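All remarks here apply to the structure that follows.
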Amino acid sequence: MSRRIIERRREKVAALRARGIEPYPHGYGVTHRTDALRADFEDLAARESVVRVAGRLVAQRGHGKASFGHIEDGGGRIQVYCREDGLGADAYAFFLDLDLGDFVGLEGVPFVTRTGEMTVRASRIELLAKSVRPIPEKWHGLKDVETRYRQRYADLIANPEVRRVFVARARLVSSLRRFLDARGFIEVETPILQPIYGGAFARPFTTRHEALDTDLYLRISDELYLKRVIVGGFERVYEIGKDFRNEGMDRSHNPEFTQLELYQAYADYGDMMRLFEEMMAEAARELTGGLTVRYAEHELDFSPPWPRLSFTGEISRLAGEDVLDLDAEGCRRAAARLGVETTPGAGAGRILDEIFSEKIQPGLIRPTFVVDHPRELSPLAKVKRGDARLVERFEPVMAGLEVGNAFSEQNDPEEQARQFERQQELRRAGDLEAQVMDRDYIRALEYGMPPTGGLGVGIDRVTMILTDSRTIRDVILFPHLRPEEGLEDPDAEEDEEQSDDEGKGKG
RNA sequence: GCGCCGCUAGCUCAAUUGGCAGAGCAACUGACUCUUAAUCAGUAGGUUGGAGGUUCGAUUCCUCCGCGGCGCACCA
């Protein structure tokens, strides 16, 4: 362990305090972030202006009576130069005594070195926060994936590209908000703790409200509440927030994930497709400057319009027969011919979904809308005009990844109630992901909901695409992991040893 | 959940068929007033993820456990 290093630095903290230097002061008057300093550098250097910069000391190169270092702040890095005859012996010794990882504030005049690097020649140095734990190695960075996820702070310190991903994520979300706000959508918030969950096929997390003596669910989607808001008269609403699904985790699933859901009155799923295309094109433009995005070995072109691909049409083409004419048994035989394993007891729709997911979706690289799903798979969608076997629904797919789900929303309360009842039957038959009857939602629809288009977008997955990330864990700051064991004991031990250790001379 | 792979110093990685556990960076001591992966000389640092077992001897072989990664199954 790093016990010796940490102990030595803790001793430094104590020694500084003994000398009347506070190792954790309350602030520092910064005049320039490093990017601002860099932008203005020539001018500041020419006028020999005194600047004050602050950041983490990330490199230190001593040369006897002169030293270089780099400090890093939110804007990047800047080189600093200290020399004994400029600072005085005490201040220079203080600089040499700093450790990599310390936060420092530094006052001085900008200049350009012989090698052409922008540098601040320090005239005063202050410690702003002592680092007692060694930061990861500067050259190889921090590679161990487990440590990177568990200690994201260390990952962010060591790996600058990680920071870029999360900046991109923030810019994506802000771009989506701007896009929707500009079109008259208003952002609302709906409950995360819900007495009845709904809006998707998934098992929920359960929690408990003690005062009410009742179990609650963490929402699996925002859908049913947002449509209640549409019933209430808001015509364009959206919410960006966390949903929670009690399912397995892999490169495209985290138990909690961020979803954008939006609903627009008087719109249908065709309108939602056009909205989504434009929204993504704008986001791509803002993040990458263009409409093509590099993902793995692919170039994804976001220029609208995207191809529309019929869900059942593609399967029929593959199966060599019209799968809409088949019952569950027929679908099962078709799946078997295609070499797709099916879940025992699954209905026709579910089997078609299994065929699609395995045989077609992985090949959908360029942004594509998969449209018109079987009714059975979509209890909250309206039937397709002209074909009662289908619903008006689409899923945008890119690089083989589903990034959303949308439909012309079911607004007939009787039909919705029938769909819920069918789900109840599936539930009784053992399908844990079947949807739950929500009588209050039916009551809301009974007041009348205008024809409405709805769209859900997986923000994490879109971020993956736009940042060329292979796993969802790379776009979530603190992805879900099993709890770390034995973390607290060693720390307690450490403290204990430190306090009663005087006579033992450990090491 | 099941299968395969991994876990060695603070970080990144080595270690022949089972035979004294090593290097670079970081750390520590010293030299060096424009360096930048600074350089040079030296020093210290390990319960090899944990617990058992086989063996004269285990980082290495076996069993169990923990954590992670990948694949399979379900979803956005």
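All values reported here derive from a predicted model rather than from experimental measurement. Residue numbers start from 1 in every chain, and the chains themselves are labelled A, B, ... in the order their sequence lines are given, proteins ahead of strands.
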Quiz item: Tell me: CZ of A/Arg350 to P of B/rC74, nearest whole Å?
Solution: 7 Å
Quiz prompt | Pairing annotation in dot-bracket form, given for RNA chain B with Watson-Crick or G-U pairs under 3.5 Å and | for cross-strand partners | solution = (((((((..((((.....[..)))).(((((.......))))).....(((((..]....))))))))))))....
Practice problem: Between B/rG3 and B/rU39, how far apart are the P atoms? Round to whole Å, please. | Solution: 49 Å
Quiz item: Are any of A/Arg83's side-chain N or O atoms less than 4.0 Å away from OP1 or OP2 of B/rU33?
Solution: no
Quiz item: With A/Phe111, which residues qualify under ring-ring contact (aromatic ring centres under 6.0 Å, His included), at least two apart?
Solution: A/Tyr81
Quiz prompt | Exercise: do A/Tyr92 and A/Ser67 side chains pair donor with acceptor under 3.5 Å | solution = yes
Quiz prompt | Rounded distance (Å) that lies between atom C1' of B/rC34 and atom CD of A/Glu84 | solution = 16 Å
Practice problem: Please measure how far the P atom in B/rU29 lies from the corresponding atom in B/rG19, and state the result in whole Å. | Solution: 38 Å
Quiz item: How would nucleotides 68-73 of chain B be written as a contact map, 5' to 3', with B for base contact, S for sugar-phosphate-only contact and - for no contact, using protein heavy atoms under 4.0 Å?
Solution: SSSS-B
Quiz prompt | By side chain to side chain donor-acceptor pair (under 3.5 Å) - contacts of A/Glu239 (at least two apart) | solution = A/Thr190, A/Arg219
Quiz item: Taking the P atom of each, how far is B/rA26 from B/rA21, in whole Å?
Solution: 27 Å
Quiz prompt | Between P of B/rA27 and CZ of A/Arg9, the distance in whole Å | solution = 7 Å
Quiz item: At under 4.0 Å between heavy atoms, what does A/Gly404 touch on the DNA or RNA strands: base, sugar-phosphate, or nothing?
Solution: sugar-phosphate
Quiz item: Among all residues two or more places apart in sequence or in another chain, which pass the ring-ring contact (aromatic ring centres under 6.0 Å, His included) test with A/Phe369?
Solution: A/Trp306, A/Phe394
Exercise. Classify the nucleic acid contact of A/Ile135 as base, sugar-phosphate or nothing, counting any heavy atom under 4.0 Å across all strands shown.
Key: nothing
Practice problem: Determine the Euclidean distance between corresponding C1' atoms of B/rA27 and B/rG10; express it in Å to zero decimal places. | Solution: 9 Å
Quiz item: Say you pick atom P in B/rG42 and the same atom in B/rA23; how far apart are they, in whole Å?
Solution: 13 Å
Please tabulate the protein-to-nucleotide N/O contacts below 3.5 Å involving nucleotides 21-23 of chain B, giving atom names and distances.
none

Practice problem: Look at the side chain of A/Ser408 and the backbone N and O of A/Lys382, then say whether any donor-acceptor pair between them is shorter than 3.5 Å. | Solution: no
Quiz item: Pick one: which of A/Leu287, A/Ile476, A/Val462, A/Leu477 meets side-chain contact (heavy atoms from CB on, under 4.5 Å) with A/Arg169?
Solution: A/Ile476
Quiz prompt | Nearest-neighbour nucleotide for the A/Arg4 side chain, B/rG45, B/rA27, B/rC34 considered | solution = B/rG45
Quiz item: Base, sugar-phosphate, or nothing for A/Asn159, non-hydrogen atoms under 4.0 angstrom?
Solution: nothing
Exercise. Kindly indicate whether the side chain of A/Glu117 and the base of B/rU35 share any N or O donor-acceptor pair separated by less than 3.5 Å?
Key: no
Exercise. Can you tell me the distance, in whole Å, between the CD1 atom of A/Ile6 and the P atom of B/rA9?
Key: 15 Å
Quiz item: In whole angstrom, what separates A/Glu7's CD from B/rA26's C1'?
Solution: 17 Å
Quiz item: For A/Phe311, what residues pass the ring-ring contact (aromatic ring centres under 6.0 Å, His included) criterion, not counting sequence neighbours?
Solution: A/Phe356, A/His373
If you restrict it to nitrogen or oxygen atoms, what contacts under 3.5 Å exist between nucleotides 12-14 of chain B and the protein, and what is each distance?
unit_1	atom_1	unit_2	atom_2	d
B/rU12	OP1	A/Lys143	N	2.9
B/rU12	OP1	A/Asp144	N	2.8

Quiz item: What nucleic acid atoms does A/Phe244 come within less than 4.0 Å of, heavy atoms only: base, sugar-phosphate, or nothing?
Solution: nothing
Quiz item: Hey, is OH on A/Tyr217 packed in by over 12 heavy atoms from elsewhere, all under 6.0 Å?
Solution: no
Quiz item: Who pairs with A/Thr119 by side chain to side chain donor-acceptor pair (under 3.5 Å), at least two apart in sequence or on another chain?
Solution: A/Gln79
Quiz item: Is the backbone N or O of A/Glu223 less than 3.5 Å from a side-chain atom of A/Glu261, with the two atoms forming a donor-acceptor pair by type?
Solution: yes
Extract from the structure each pairing of a protein N or O with an N or O of nucleotides 29-32 of chain B at less than 3.5 Å, listing the distance.
unit_1	atom_1	unit_2	atom_2	d
B/rC32	N3	A/Gly64	N	3.0
B/rC32	N4	A/Gly64	N	3.2

Quiz item: Side-chain contact, heavy-atom cut-off 4.5 Å: A/Ile240 with A/Arg177?
Solution: yes
Quiz item: A/Gln60 CD to B/rC34 P: how many Å, rounded?
Solution: 16 Å
Self-check item: A/Ser310 and A/Asp372: side chain donor to acceptor below 3.5 Å
Solution: no
Quiz item: Which whole-number value in Å describes the distance from A/Gln79 CD to B/rC34 P?
Solution: 12 Å
Exercise. Quick one: list whatever passes side chain to side chain donor-acceptor pair (under 3.5 Å) with A/Gln410, sequence neighbours left out.
Key: none
Exercise. Please report the shortest heavy-atom distance between A/Tyr149 and A/Asp474, naming the atom on each side.
Key: OH-OD1, 2.9 Å
Practice problem: Round to a whole Å and report the spacing from CD1 of A/Ile351 to P of B/rC74. | Solution: 12 Å
Quiz item: Given the P atoms of B/rA15 and B/rG49, what is the spacing between them in whole Å?
Solution: 15 Å
Practice problem: Apply side chain to side chain donor-acceptor pair (under 3.5 Å) to A/Asp85 and list each qualifying residue two or more places apart in sequence or on a separate chain. | Solution: A/Arg83
Quiz item: If we take the P atom in both B/rA58 and B/rC40, what is their distance in whole Å?
Solution: 39 Å
Quiz item: Counting only side-chain N and O atoms of A/Arg114, is one of them less than 4.0 Å from OP1 or OP2 of B/rU35?
Solution: yes
Exercise. May I have the step-by-step check of side-chain contact (heavy atoms from CB on, under 4.5 Å) for A/Gln424 and A/Arg428, ending in yes or no?
Key: CA-CA 6 Å; A/Gln424 292 302 93; A/Arg428 279 192 289 272; 4.1 Å; yes
Exercise. Considering non-hydrogen atoms only, spot the tightest contact between A/Arg148 and A/Val162 and give its length.
Key: NH2-CG2, 3.7 Å
Quiz prompt | Distance, C1' atom - from B/rC5 to B/rC25, rounded to whole angstrom | solution = 28 Å
Quiz item: Side chains of A/Phe302 and A/Leu466: closer than 4.5 Å at any heavy-atom pair?
Solution: yes
